[in-house]
Each structure stands twice: as structure tokens, then as C-alpha cells.
Number of protein chains: 2
Amino acid sequence: MLWYRNLIKISTATRPKRPITTNLLLTSLSHFSTANEAPAVAQPSGLGPAKPNEKPRLVVLGSGWAGCRLMKGLDPNLYDIVCVSPRNHMVFTPLLASTCVGTLEFRSVAEPIARIQPSISSAPGSYFFLANCTGVDTETHEVQCETITEGTDALDPWKFKISYDKLVIASGADASTFGIHGVKEHAIFLREVHHAQEIRRKLLLNLMLSDVPGVSEEEKRRLLHCVVVGGGPTGVEFSGELSDFIRRDVHQRYTHVKDYIHVTLIEANEILSSFDDRLRRYAIKQLTKSGVRLVRGIVKDVKPQNLILSDGSEVPYGLLVWSTGVGPSSFVNSLGLAKSPGGRIGIDEWLRVPSVQDVFSIGDCSGFLESTGKPVLPALAQVAERQGKYLANLLNNISKAGGGHANTAKDIDFGDPFEYKHLGSMATVGRFKALVDLRQSKEAKGISLAGFVSWFIWRSAYLTRVVSWRNRFYVAINWLTTFVFGRDISRI
Amino acid sequence: MLWYRNLIKISTATRPKRPITTNLLLTSLSHFSTANEAPAVAQPSGLGPAKPNEKPRLVVLGSGWAGCRLMKGLDPNLYDIVCVSPRNHMVFTPLLASTCVGTLEFRSVAEPIARIQPSISSAPGSYFFLANCTGVDTETHEVQCETITEGTDALDPWKFKISYDKLVIASGADASTFGIHGVKEHAIFLREVHHAQEIRRKLLLNLMLSDVPGVSEEEKRRLLHCVVVGGGPTGVEFSGELSDFIRRDVHQRYTHVKDYIHVTLIEANEILSSFDDRLRRYAIKQLTKSGVRLVRGIVKDVKPQNLILSDGSEVPYGLLVWSTGVGPSSFVNSLGLAKSPGGRIGIDEWLRVPSVQDVFSIGDCSGFLESTGKPVLPALAQVAERQGKYLANLLNNISKAGGGHANTAKDIDFGDPFEYKHLGSMATVGRFKALVDLRQSKEAKGISLAGFVSWFIWRSAYLTRVVSWRNRFYVAINWLTTFVFGRDISRI
């Protein structure tokens, strides 16, 4: 650190000026690599296997509901925890739709992993790596990774390997496009914070563009036509938020163009198909009342400014949000592991990948193997969360029983298998209205509610489930200020 | 709107399914333009001259301190107000440095124009256009504009014209690079919210990248070397915030790399040259104590990973923030108007551009003509704000006296000329420390303070000057949560 010490301090006017000795910099820094030289990391390096006298190393791929709930429950005295994920936070997905229109702030729904599991950023052997996993070698107990370098000048991603004692694959699923041309290019998904940011920027841009003199009536109508494809809870909640934004904020603050903005929700089958018929009818009534057009149709092709339905009709749009569910990611497809029905990573009742040692999988990327006789669970936050919680306990117990290190857990009793009990579904459908379905399945008996009481339950339930006190506080403050001042419309 | 009415509603399971009649869409929507067809706007169109029986139209170019303070003070009963700006909000620049490290949220320092002057989004003849002004025709009383379309698929910017009765040019200045190669490509300025977002993303990325296995010691040190060029209030405040972030948050949450992160502030002359010697010494002491390296040097060249000083020495960096003041923008240079010393738009004592009718200019883009005998005022928020306030009153009076329309103000008494009285300078230098210099000039007598009391004055002063109650509330909440929970480190 010679060069740092030699950086000369600015002398004040009262002191005589010393000569600048920054030449020392040149000497001691000349070995710094520049963009054109060889990268600082020549060979793939990484974290070698944990020694028997060290804590076993648990590698978690992913930072969604499953991975984060797992890390929260792990005992850092039992494992060195290493998380590999392309984002350093968990997204509180049920509230993501609210951020698109400014009801909530983006940061209120993002929880840094270091808050969920503090040891990850402070314990000597625990790490968070901002990287994608590119491969898993179950024989040598290693994962291959590549850093995310987006946004840095002339910095190539670099590769490294991590040896694991236990590996948990919780890398999630990809948005389904059903191979429809143009979806990835022109539609916006609603799964990450940057998606919500993009939706918000585009919505505000279109609102302003449509006000510019000389724009034709048709073009205004197109720019302000918001189309949502997919009538599951995400699509319905987003449509509800959007129509509330239009009725409450656009009508007040974009009076020149307020009659041109419309929301259309396109669904191939039934909207909210997992809910009770009565609740579904209620949702349809509420959405229609608040101005959302419900269209039954199948999208065939997506072009930059319009989409084509299977009957050949064209629907022009200014904003297209795509939320038709999820399917296996290319990473999961690339793994040479046995798959569950639907192409997910096949797991047994203890969430293990049974064909190999020390590998587990939870969340949307995994499903029960056919041999277990259990159905593949739906891709829901509550499934992922329950699996993360179960697996954290299981892994803590394995380590306590002396099976934490690689290939040492064969004879350990894994205890009770994972059992999933559905706690019910919730969806908000616009201002002060929500559906709550507390039945375990569509056929079961139980409570199903709709209306203001549900909306209140929905808000309270989410508020208490947001992970940190900081974010609980911010969500409450955001809701309060939206109620008092309206939504923020600055396009930043 | 036939096609909207014809969009078929989703029938619920209990109702018989109606045939899908979306074919109607095809018929009634076939005139919608697609990306490959002719644009919806063929010829430059726009807002024609206001008729004598209509309110005069006042066009404001820009939405900074000057333009926004002006719009706030204008009486919408006297003018139709049209604002043209590439952003729909004002940035509360004195607090921008705090958002880079998460002390404040981005949205807390952005104030939508529609909140500052509500008529802009609701009065029939008032508009906000998200556009750049590309030219001014003072003869025909017209401005030429071009929309911002960033982020939209296949949408070309379109041009339009606006006739004005009164024009206020408040388009601000550009960051000075002194023609140094590589500054625009590799350094980040600190003038807009998106700059602060970029700094934050890069800082968090570098913190995480440097933790990846296999990164050499030198590369770690480079990635985590934050260099600030320019020792004015912005550079000093940013350095102070950064070093506070390092001492308070990085040391706690990035323990693996905490010893590698450093801040260097490079300035060619004195830091905070507008402040009292005693305050400056205090600032230097505080900054040095909190770990900021102060370097006197002149930057000659900026490369992707290092910069070259004029003595030939190299300084490797991971993050480079450039804040060496501002100079005339290319838009101002392109205008065929007489200039003040320093190349700004030349104005007289009433902030008019005297060579033409009905054109005024305020803020960083304007300066007193040499013929006025007055010095060009510094590019400060308080100058811009004071000019905006003065001009709003002047323009309101002109309209009341019947001179609102184009070419009708010749014989109107403009009243007292604009007088600037400097109220003093403030700068924060890290945690709980600030400088407050309440003297009117460096030679004048008056109060100058440094330390905790100043810090308290600084916070209170800014808190009461943030424009809306919503943002005052959020700034207070942000400061409180940062104090209680620490800064947020999620990279979204």
C-alpha cells in the first residue's frame, strides 16, 4: 500500500506547498492490468474442498424464496454458507406488481441477502458471489461459476469453481413464452425488480409521449393501451393496480390523455383458475368495474407495436406485460440429472436428488420424481418457502449428526419427509378489494372470502411476512404516503 | 372505440361460452401503424400561436432549479404554461450525493413537475413535453423540439414546434470535461438521478466482484479504489458520504474486502475554494480523518481502468466520479444569441435576452452581459432559485399589465432589476459534520461554522427546502431508517 501512503495531501494555504511525489504511483502501480492486457485472473481458480477439521461448506444456488428461506434457517456455526446468485437480494414477489405504478417503492420489496443471513458477508468462510452457476460436477463435488460484470467497462466475466460438501439448487424457473415469437424481445415479464422498473419507465414515457402535439388519435390509443397476457394472480394483481393507478392518478394528473388509457387482460382459459368459482366471478366483476377489459384469446405472435391472436386479429399495444407462468430454465435443462414430470430437477421426499450424493433441490426448479408417487407442487412462493424451512432444519440436523462433510451422510437418519399443506391463496383485485381462499384444494371445504375484509387480511398478511423490520416499516410508510399524497410519478 | 367495446369478456364457468368475435379487431384496427409503416406523425406539427382572446403561452425550457422555481411562482390564470424538458421531475441536487450510497432513496430527491405546478398536467392549454429543444426561432416566436423515446421499441423520435408568447430558457449547463479524453466514456457525473443510480450499482458490483475467489490483490485494490475528481462541494460531499458508507456499512457487511476499499479526491487547486480558510482546514482534517486521500493533481487522460495525471503517473480506479463544475451546453452554443463572458446566454438586469423580444434566460445557462457591468453569477442552486422566483413575479406582472402576448411588452415598466445577494454556502463533510459559511463573499465578515451544529443546520435547512411535504417526509424517514437500520445494500 506504498502508493496510497505516498499520495500527497493537499496542503492548505497556510502551509508551504510540498512537491507532488505522485511519480511513486507510476513505479508501484505499473503492474496493474489495463483493459488490453491479460486479465488479472488467468486460470479458473476458486474455493477448494473444505478440510475435515473445517466446517463443511454448503453451497446455495439462487436467492429466491426457497434459497433465502433456507439460508435464514441455516445455523452458521454448522456450515460455511456460500450463495451464488445473479442478484444480491431477494424479491418479495407478491408485492412486486405494486411497485410498477408507484404504490410501493422498489427498495421496499427487495431484501439484501446479508440481512437475511448476516454470516454470508461477515463469517470468514461464508460468501455471497454475484455470479451465475454454469455447471455442476456431482462426482468431484464442484460447481462452475461465472461472474456478472454488467455495467463495467472492458471487464470480461471470469470463471471460478467452488467445492461443496452439500449443494442446494434453488435457482428457480424461467418465464414461459411457449415458444411464441417476439415475446422475449417486446414483452416485459414481472419477476424481478428491474422488470418493474422497466414497466414503470415505459408506462410513464407512453403517458408523456401521447401528450405530444401531432400524435394521431390511433397512436395515442396504442401508446396508452396496456396489455397483460396471463390471468393468474400476477396478471390479475398487476391489472388491478394499473386500473387503480389510472382511476386515481392518471385521471387527476394526466387529464389531457386520460380518456385514451385502457387495460386489457388476455387469458387463454379462465382467470385465477386456482380459485373458487364464486371468488373468480367476484374478481371478474371487480376488474370489469374498474375498467379492465377481459379477453379470452391465445397469442400467436408478438410484434413491436401489436400482437396477433390465434384467430388472426391484431391488438395494438404500448405496454405489454407477460405473466403466463414459469417453466424449467436452460440451466436446469443442462444438468444431467433425472427430471420430474414437467422437466424440473427430480427430488425425493427429503428434497434430495437421489441419484447423487449431497445434492438437494428446492423451489420452482425442482419437482417430486414420479417414483415418489407425489404430484409436482405448484410454482408458488409458499411451496418454496416451506421447502427452504424444512431443508434448513434437515441440513442442520445432518451436520449435528456428523454428516455435514461430503459423502458422510449416507447412514444418517433423515427423519420425517417433507409434507406440503396448502395454506390457501390470495390475490388483490384493485383498490380495497382482494380474494382470500383458505381451502387446501379446489374441492376441499373451507373459508373463501372476497371484498374489503380480504383486502385487509391480504395487506396485513403480507406486511407481517416481509422479511425485515426495515422493509415492513417501509411498506407501511409507502402505503400511507400513497394514500395521503397519491403515487409518485417522477420518471427516474 | 368500437374495438374496445367489442373485446369479448371472459365468460365464467357457469355461463355458456360466447363465440369469440375478436375478428372485429382486425377490421377496426387495421389503420394502426406498425413499426414498418409510415410514422403516425408525418409532418412536424405542434402548438400554433395563441389567439388574442386566449391566455398567452409561456414556454419554459428545462426543469432544474431555475425552471421549476419559475413554474412554481407563475400564475396559471395569467399564462398557459408549457414546459419542455428531457426529465419530468426536478432533482434536489444538494442531496443527490447521499443517494449514491443509500443514505437517501432516489425518489426522495426527485420532485415531479406536476407537483410543483399542478396546472401543467391538468389545465387545458398547459403541457409538459418530455422532449429536447433543438432550436429557437426568435423571429417567428417558435421553438423546435424532439421527443425522448429512449426505451421504446422501434419508435423514432418525432419533431414538433411550439409557438410562444414568452420564452424562458432555463436549460442548464453541461458537466465540464475540459476536453480530457475518456471522461465521458469512463467517468460518471453526479448531476442526475440516473448518475447516482449508476454510481450505486457500480460501487455495489465492485464490492461483490472483489470478493470472488481468484481475484488478485492488485485487482481487488483497483476495483475498490473510488476516485473523485473535483474538490468543490459536490466532490467533497460525495467523498464524505462514501467514506462514511465505508466506515459504517462496508466494515460491517463486507468484512472480507473492507481493507481494500479507499477513496481518493483529486483536485487541481484548493478544495472548497469558495469557503473560508478555517472551514477549509477543518474540512481537510475531517476528510483525512475519515480516510479520504486528498491528492493535488491535474488529470490528463482517462482510460477504462486507470487515469493518467499530468506528471505521467497512473491512478488505477474501480469507480470514477467526475465533478469539476459546469460549462455551456451544446444547445446554448448553438443559439445565435449574444453571450456573456464564459459563453452563457447574455442577459440584462431583468434577465431578458435584450437583442430579441419576449425571451428570458435564468439559471446556469445564462450570465449577465458585459454591458450590464455586473459579474456572471456562479452556477449555484441558490442563484437559479432566486432568478426563478424573481422572473415568475416579473412575468406575472407583465401579463397583468397587458403585455403577456407576443410583442406587446415593449412599453411595460419592468420594475426593479434582479439583485443577487449571496446567502452563504454549506457543505457536509461526512457523518455529523458540516461547514456553514454565512458570509456574502470571501472577504466579507459574518458567521462561519463547522462541526455538529453546522451539520444540524445543514440537515434542517435542506429538509425545509425540499419542495413537497411528501419528499420532506421521505427524507426524514430515510435519515431515520439509515440511522436505525444502516444503509440498504440491495443492488436493484
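Every heavy atom of this structure was used, including side-chain atoms; hydrogens, water molecules and symmetry mates were not. Letters A, B, ... mirror the listed sequences (proteins, then strands); counts begin at 1.
Note on B:His256, B:Arg107, B:Arg201, B:Arg115: by heavy-atom pairs under 4.5 Å with chain A, the leading option is B:Arg107. Interface summary for chain B: among A:Arg87, A:His194, A:Glu105, the most heavy-atom pairs under 4.5 angstrom belong to A:Glu105. Ranking A:Ile162, A:Val257, A:Asp211 against chain B, the residue ahead of the rest is A:Asp211, based on heavy-atom pairs under 4.5 Å. Considering only heavy-atom pairs separated by less than 4.5 Å from chain A, the leading option among B:Ile120, B:Leu130, B:Ile308, B:Leu319 is B:Leu130. Between chain A and the residues B:Ser490, B:Gly318, B:Pro118, B:Gly102, the most heavy-atom pairs under 4.5 angstrom are made by B:Ser490. Note on A:Ile148, A:Val91, A:Ile477: by heavy-atom pairs under 4.5 Å with chain B, the leading option is A:Ile477. For the set B:Gly486, B:Pro112, B:Ala131, the count of heavy-atom pairs under 4.5 angstrom toward chain A peaks at B:Pro112. Per-residue counts of heavy-atom pairs under 4.5 Å with chain B were compared for A:Leu204, A:Thr147, A:Val484, A:Asn88; the largest is that of A:Asn88.
No hydrogens or angles considered: a donor-acceptor pair under 3.5 Å links the side chains of A:Ser108 and A:Asn478. Inspection of the B:Tyr260 and B:Glu217 side chains reveals an N or O donor paired with an N or O acceptor under 3.5 Å.
Between B:Lys303 atom NZ and B:Asn306 atom CG the span is 6.5 Å, to the nearest 0.5 Å. Between the CH2 atom in A:Trp158 and the SG atom in A:Cys145 there is a gap of 13.5 Å [rounded to 0.5 Å]. From B:Lys220, atom NZ reaches atom CG of B:Leu209 across 12.0 Å, with rounding to the nearest 0.5 Å. Distance check: A:Ile271 CD1 to A:Arg280 CZ gives 8.0 Å after rounding to the nearest 0.5 Å.
In this structure, the portions of A:Val212 lying under 4.5 Å from any heavy atom of chain B include both its backbone and its side chain. Heavy atoms of A:Thr482 lying under 4.5 Å from chain B are absent altogether. Only the side chain of A:Thr481 comes within less than 4.5 Å of a heavy atom in chain B; its backbone stays farther off. In this structure, the portion of B:Ser126 lying under 4.5 Å from any heavy atom of chain A is its backbone and not its side chain. Residue A:Pro124 touches chain B through its backbone alone, counting heavy-atom pairs closer than 4.5 Å. Within the 4.5 angstrom heavy-atom criterion, no atom of A:Ile113 approaches chain B. In this structure, the portion of A:Ala123 lying under 4.5 Å from any heavy atom of chain B is its backbone and not its side chain. If you measure heavy-atom distances from A:Arg253 to chain B, the contacts under 4.5 Å come from both the backbone and the side chain. Contacts of A:Gln252 with chain B are made by backbone atoms alone, with heavy-atom separations under 4.5 Å and no side-chain atom involved. Contact of A:Phe128 with chain B is made through backbone and side chain together, with heavy-atom distances under 4.5 Å.
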Exercise for the section: Might you work through the salt bridge (charged side-chain N to carboxylate O under 4.0 Å, His left out) test for A:Arg221 and A:Glu218, ending with a clear yes or no? Expected result: CA-CA 5 Å; A:Arg221 228 174 277 286; A:Glu218 286 85 355; over 6 Å; no
Practice task
Carefully, step by step, assess A:Leu294 and A:Leu287 under the rule side-chain contact (heavy atoms from CB on, under 4.5 Å).
Solution key: CA-CA 8 Å; A:Leu294 300 172; A:Leu287 288 172; 4.2 Å; yes
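Contact detail for B:Ala110 and B:His89: the closest heavy-atom pair is CB-CD2, 3.9 Å.
Ring pair A:Phe160/A:Phe129 is perpendicular by interplanar angle, where above 60° counts as perpendicular and below 30° as parallel.
Taking the six-membered ring for Trp and the full ring otherwise, the centers of A:Phe106 and B:Phe106 sit at least 6.0 Å from each other.
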